[in-house]
Every structure is written in structure tokens, then in C-alpha cells.
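Below, chains carry the letters A, B, ... as their sequence lines are ordered, and counting in each starts from 1.
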Amino acid sequence: KKTAFLEAFVRVRDAFSKTYYELGRGEGRLILEDPKDPFAGGLQIKVRPRGKKLSRMEVMSGGEKALTALALIFALQEVNPAALFVFDEVDKDLDGVNTKILAEAIRRRAEERQYIVISHHRTMLELSNQTLGVTMRKDFGSVVTGVTVDQSVELTTERAHAA
Amino acid sequence: KKTAFLEAFVRVRDAFSKTYYELGRGEGRLILEDPKDPFAGGLQIKVRPRGKKLSRMEVMSGGEKALTALALIFALQEVNPAALFVFDEVDKDLDGVNTKILAEAIRRRAEERQYIVISHHRTMLELSNQTLGVTMRKDFGSVVTGVTVDQSVELTTERAHAA
Amino acid sequence: VRADALVLDNFKSFPRKSRIPIREGFTTISGPNGSGKSNLIDALQFVLATSSSKGMRADRLTDLISELGNKPTASVALEFVGTFTDPETKLPIERVIQCKRSIRRRKDKSAQVKYHLNGNQIRLCDLHDVLRHMGLPTSGQNFVLQNDVIRLTSMGPVPRRQVLDELA
Amino acid sequence: VRADALVLDNFKSFPRKSRIPIREGFTTISGPNGSGKSNLIDALQFVLATSSSKGMRADRLTDLISELGNKPTASVALEFVGTFTDPETKLPIERVIQCKRSIRRRKDKSAQVKYHLNGNQIRLCDLHDVLRHMGLPTSGQNFVLQNDVIRLTSMGPVPRRQVLDELA
Ligand SMILES: Nc1ncnc2c1ncn2[C@@H]1O[C@H](COP(=O)(O)OP(=O)(O)OP(=O)(O)O)[C@@H](O)[C@H]1O
Ligand SMILES: Nc1ncnc2c1ncn2[C@@H]1O[C@H](COP(=O)(O)OP(=O)(O)OP(=O)(O)O)[C@@H](O)[C@H]1O
Ligand SMILES: [Mg+2]
Ligand SMILES: [Mg+2]
């Protein structure tokens, strides 16, 4: 059990350094509090956002923390791959620049797997391969309208509220 | 103590119905689980978003819950007024339409008090009286640039990341 | 193998039968607050059986049956497209596979749940075998739900390590 | 009475003395992730003494001293503008009042904290008296910090009632 955990930890740790660098050109490190007996301690995350000094998760800003968490999620997905991944408004703490970086990272991964991402950010919609619009019609319930961004179809329902 | 609590409760309950209606034309009710001995129970929130049936906080969507919480915050502020209020990214669960409704509610209240609101949503910036831009300059630290929206000054730093 | 369409029938805020195409690559879903976006993710978790009713924001499974419809049943089907080798001609052929999960509210308010694979009833453990075999998610780890990112950022070191335990 | 300017000196990510005007009405603050927006709110909470160090995302008060500067002190001042009646002429005059809170890291790493009102040192309870008298916040209730909305929506009924207890 311990050996299996350490093996998985090493793979996630190495993947995390790469995904953290991919999402912001910074340095990210996962550190076990007790490497000899991992189950006795926790997992520390130490990162150095580009241009800043090393810091723990607690001192960072809302957006910096979210980006760190997303790097960890991508690292876990790389170690335990599947054919389909789903994200529900994971970009809401991010500014426009970081949303674009995240959207590009998803787009690269979507060449091999399917990603379904719910978002209100226009940047995220524009970088996807296709967008589904959902609206609620009184007494009818939810209705899905299909629309494909690639042909830069004017997303009337999207534009109105994705501002 | 109990009388003072019940008095405050009645004022917040009445204010909440008004603020919930203001933010979405729905019906909102605060209900004490144990009206005879309020400290023995909790506080239930039952709302009917416009065009939907009555529901508890738990079943609602992320945005609907956020709007309900904001109505409660406004009700608390009305019962306990002060000269200055601060909001840090309270609009991040909201779509474009609800962000505009919230921005207008803040703008109305800002005629008598000062509101300082941190936001990434362009709609919120455009409806404010003035916007302060903050950027981080390497080795310099944070720098604030003043800018006034009312004269529709093109906010270069804002536009770039408020998308 | 890849997902090809999700078909909801009287599930949560979708009372009418709705067939939603899932294309290859990167799909975004957008729409106003409360319009039913997260309910589509709940539908995916329901048919893949990767979440409890609480994870789908319902107290009981029967709460997933739409209150906007007027029947005591709901179902979600997921259609996949996979390339298999035909046993006779040995050539690769594309086949559509459908798995479906349906639920009925009985008179005593309890839930009757059934699973079907291409029309034949199967057990949950058979469904998970098939899904695992096709590389599809059988645990909730591939779903990052609304507010999960904030939860992950505010976890202490020990719960954070426990996220890795599931991997081992 | 209304706030007129916030002056930070070597506080968190603001190593240089920065004077930030606060106008009447509705002010928005915007900028990239990690640029220092929430640090401005921490500065407001610091000078009004409405939050613990943890509420300002610092383990100890001395963590609020900027690591980008090279001095062991930090301070935040808040300037108000209020209309008062002049005791002699009985006419309303506008006066600027400044309250300031400063902190010094001692050799033994402990924190020395001082409060000043218009240049004269005062105690914390005097500061809160003055603020209450001017209708300014003296508790954290007027600050809705990042993620507070989500916390409020996921509270159970009893903690939600406790929010009202503070009002009574
Ligand atoms: N069994 C049900 N029958 C009918 N409607 C339901 C049922 N369960 C949930 N709903 C409705 O679904 C709505 C929530 O939908 P959902 O959570 O998918 O919204 P969303 O599009 O994700 O919104 P947001 O952008 O705010 O997250 C609620 O308003 C609720 O009334
Ligand atoms: N004592 C300190 N000295 C120097 N920098 C500090 C200090 N304390 C915090 N910081 C820096 O301040 C930054 C966080 O700033 P802040 O939380 O205000 O960002 P923000 O603009 O609110 O971003 P977001 O949009 O992501 O919420 C961190 O990157 C951190 O390194
Ligand atoms: Mg949702
Ligand atoms: Mg912030």
C-alpha cells in the first residue's frame, strides 16, 4: 500500500511541476510532510508564481490558488487518464489572461480526449471547438440549442450573457 | 436577548423579501425553524425565483444561490447601516444579466454610502462611478493607476483582462 | 471509444426527451444562471453511476425525476461510438453502444432503478466493467463540479494527500 | 463623514508609499490575478482594526510587513472628510481626520502596534469609539471578502441563524 502510494505520488509530483509551468511559467512542487510514512502526514504545495518568491497556498491570491489547483487536477488526470473529462465553471476566479491560458491547455488535451466545460467566460467559449447553449423556457423547462463556434456563428444567446 | 433577536429578525426578514424581489423579481422568505425559541433552531431560506416553483437553497443553481445570499447581505446592511461597504468578487457566479442587475442595485445604494467593489466583470466596471486599476510590476510591487469610467476613458489595463 | 450523444427523458429540468450531441474535442456549455447546465453534468454522472444523489444535488434519487413533467419515471442514456474488430470479416467497424439508466418512483415513494446496455438489462457492476473496458470514467475523479476548485484550494494538507490515496 | 484616501506604506505587496483616493459613490477595483486588489481590502481592515491577522490571510501580524521593502515597519492610514460645526463660528466646516495604524517587527520577531488619530497616539478602544461616532464600520460585517458568498450559500441553517445573532 505504501509503495503503491509512493509510486503514484512520484508520478503526480513530476506531472504537477510540468502542468504548473504550463499554466503560468512558474515553479510548482508537491512535498510530503512525512516521506517515510506518508499516511502519517499531509501534502504541502509550494509554488513560485513567475516573478515572485516561493510561497505556500495560504498566502496566495484567489486566482493564483485556483490556477495551482487546476495544475494539480491536470496532473491527476495525466496519471489516471480517461476518455472524457468534465469541468463546471472552473475559470470563475481567473482574469482574462489566465482564462485564455487555461482554455489553450484544455484545447491541447482535447485532441486526444473529450472535454466538456461549462463557462460564462467569452474567452473560453471562443477557444472551444463547439458551444452548446442552454436556456430555460417557462413551463417548457431547459432547452439545448446547438451551435458551432468554429464557423464563427454569432452566438446570440451566448453573447447576451457571457459578457 | 430573545426579544432583541426577534426584533432584529423581523426587520431582516422584511428587508430580505424586498431585496430578493429587487434582484430578480422573485419571492424570498426567511423562516425560523423554532419561532418560540429561536436559539434552539436555525434559519431556513425559501425562495421562488421568477417563473419557477418554491425551493430551498440546496436545490438551486450556483448563480441562483449567490443571488439569494447577496439579497440577504443587502438586507443585513439595511438593518445595520454604515457609511462604507466592501465587496470582493461577489459577482463571480453570476451571468451577464444578473451581474448588471447587481451593479444597478449597488449603484442605487451608492448614492448615500460608499461602495468599494473588486470585480473582473466588465459590466460591473462600466456601471461604477470610477475604476481603480491595480497591476503588479516586477520588483516594484503593486501599483495603483487611477481612472474614471464616467468620462468613458478607454481602460486599457481593464479591457485586456476583464473580458 | 468516445461519447456521441446524451439523451435525457424527464430528468431534472428537462421534462421533454432531449438528445444532446457530444462532439469530439473541446465542447463548452453556456447559458444563463439556473438554465440547466449543471443538470446536464448531473445527467452524465447519473448514467455513468459515478455519484451519489447528494453529489447530484438531490436528497433522494427520486428527486431527479422532473417536477415539470407528469410521469413518475426518468431516464438518461449515453451513446458511444467505438471501433471494434468484426469477428467474421476481421475488419474494423464503427459501432454505436448505448447504456441507459432509468428510475421509477413507486407508490411508496421508493425508487426502482434499472440499467440497460443496448436494450438488455444488466447489473451495475456489469455496467462499470463495460465502461472501464472502454476507458470511460467510473469514478467521480474526472468530474470537477461547481466550487470543487475552491474546495481543493482551501483543504488542509491531510485531506489534500487523501486525494492521492485514491490513485494508488 | 466619508472616506477620502487610503495611504499604504510598506504593507503587503505595496512596498512604496501609495496614496489611493477613495471617491464618493461606487468605486470598482480591477486588475490581473495576484496584482494586489484584495491586499487593499486587507489594508482597510487593518487600519479599521475589524479583522484578525488570519482574516487578512497572514499567520502573524508581522507577515503584513512587505517582503518587497527593506524596513521592519508597515503602516496604513485612512483619511476621512467630515462636516463639523466650528465651536467658535458655529458654521459647518469640512475637516480632514486621519487615523493610522502602524506595526514594527521587533528583534524577537514580536509585533509592536500603535494607533494614531491626527498624529496623536490613542488606544484601540478610543479608535473604535471615534469610528462608531462617524458611522464607519468597526466590525467585519461590512466587508464581504473573496468566497464569503459561497460560504454563506453552503452554511447549514444554524450557522445561518448565528449571522443574525450578531445584529441583536
Ligand atoms: N427534479 C427537478 N425538476 C425540475 N426542475 C429541477 C429539478 N431539479 C432541479 N431543478 C431546477 O434546475 C435548476 C438548476 O439548474 P442548474 O443547476 O443546472 O443551473 P445552471 O445552468 O448550472 O446555473 P448556474 O449558471 O447558476 O450554475 C434549478 O432552478 C431547479 O429548480
Ligand atoms: N507581506 C507581503 N509582502 C509582499 N507580497 C505579499 C505579502 N503578502 C502577500 N503578498 C503578495 O500579494 C499577492 C496577492 O495579492 P492579492 O490577494 O491582493 O491579489 P488579487 O489582486 O486579489 O488577485 P485575485 O484576482 O487572484 O484575487 C500574492 O501573490 C502575495 O505574494
Ligand atoms: Mg451550474
Ligand atoms: Mg483577490
Side-chain angles (χ1 to χ4, degrees), chain B residues 1 4-5 7-9 12 32-33 38 41-45 57 65-66 68-70 72-73 76-77 79-80 82-90 93 106-107 110-111 114-120 124-125 127-136 139-142 144 146 157-158 161-162, chain D residues 1-3 8 12-16 18 20-41 44-45 48 66 68-69 134-138 141-154 156-168:
Chain B
K1 187 144 177 64
F5 173 84
E7 214 174 277
F9 168 71
V12 175
L32 285 174
E33 288 180 338
L43 179 72
Q44 282 284 350
I45 299 179
M57 197 79 156
K65 277 190 202 172
T68 308
L70 286 162
L72 181 59
I73 287 167
L76 291 168
Q77 290 183 351
V79 171
N80 188 18
L84 173 69
F85 288 106
V86 174
F87 285 155
D88 194 346
E89 297 193 28
V90 297
D93 287 287
I106 294 172
R107 193 167 173 121
E111 282 161 26
Q114 285 172 297
Y115 274 82
I116 297 176
V117 176
I118 295 178
S119 173
H120 291 294
M124 188 66 77
L125 306 185
L127 280 167
S128 68
N129 299 125
Q130 56 273 346
T131 299
L132 292 173
V134 182
T135 54
M136 181 68 88
D139 300 332
F140 251 39
S142 296
V144 173
T157 54
E158 293 352 305
H161 63 77
Chain D
V1 175
R2 66 174 183 80
L8 285 76
K12 279 201 152 188
S13 57
F14 292 83
R16 290 134 43 89
S18 319
I20 297 146
I22 303 176
R23 289 160 170 255
E24 285 184 281
F26 182 7
T27 301
T28 40
I29 301 177
S30 201
N33 289 135
S35 57
K37 302 183 297 294
S38 298
N39 289 343
L40 287 175
I41 307 306
L44 256 177
Q45 295 246 54
L48 295 172
S66 182
L68 300 170
M134 297 198 292
L136 281 148
T138 55
Q141 270 210 331
N142 307 308
F143 288 79
V144 182
L145 303 179
Q146 229 165 328
N147 295 333
D148 275 0
V149 170
I150 288 169
R151 248 176 250 128
L152 192 62
T153 58
S154 38
V158 174
R160 217 183 269 155
R161 192 215 69 224
Q162 284 162 348
V163 169
L164 292 190
D165 296 358
E166 289 167 39
L167 268 186

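Considering only heavy-atom pairs separated by less than 4.5 Å from chain D, the leading option among B/M124, B/E111, B/K1 is B/M124. Counting heavy-atom pairs under 4.5 Å between each of D/G135, D/P157, D/P21 and chain B puts D/P157 at the top. For the set B/D93, B/L72, B/I73, the entry with the most heavy-atom pairs within less than 4.5 Å of chain D is B/I73. In terms of heavy-atom pairs under 4.5 angstrom with chain B, the leader among D/V163, D/I22, D/N33, D/L8 is D/I22. Contact tally against chain B (heavy-atom pairs below 4.5 Å) for D/I20, D/V149, D/N142, D/N147: the top residue is D/N142. When D/S18, D/P15, D/A3 are compared by the number of non-hydrogen pairs under 4.5 Å with chain B, D/A3 comes out ahead.
At least one donor-acceptor pair under 3.5 Å links the side chain of D/K37 to the backbone N or O of D/G31.
If you measure heavy-atom distances from B/D139 to chain D, you find no contacts under 4.5 Å at all. Residue B/E7 does not touch chain D at all, counting heavy-atom pairs closer than 4.5 Å. For B/V90, the parts lying under 4.5 angstrom from a heavy atom of chain D are both the backbone and the side chain. Contact of D/R2 with chain B is made through backbone and side chain together, with heavy-atom distances under 4.5 Å. For B/L70, the part sitting under 4.5 Å from any heavy atom of chain D is the side chain, from C-beta outward, and nothing else. With a 4.5 angstrom heavy-atom cutoff, D/Q146 touches chain B via backbone and side-chain atoms both.
Counting heavy atoms from C-beta outward, D/D148 and B/D88 have side chains that stay 4.5 Å or more apart. Between B/T68 and D/T153 the shortest side-chain heavy-atom distance does not fall below 4.5 Å. D/L68 has its side chain out of reach of D/K12: every pair of non-hydrogen atoms, C-beta onward, lies at least 4.5 Å apart. Contact check for D/F14 versus D/L40: side-chain heavy atoms found under the 4.5 Å cut-off. At least one side-chain heavy atom of B/L76 sits under 4.5 Å from a side-chain heavy atom of D/L164. Side-chain contact between B/V86 and D/V144 is absent, with no heavy-atom pair separated by less than 4.5 Å.
When all heavy atoms of B/V134 and D/P32 are compared, the closest pair comes out as O-CD, 3.3 Å.
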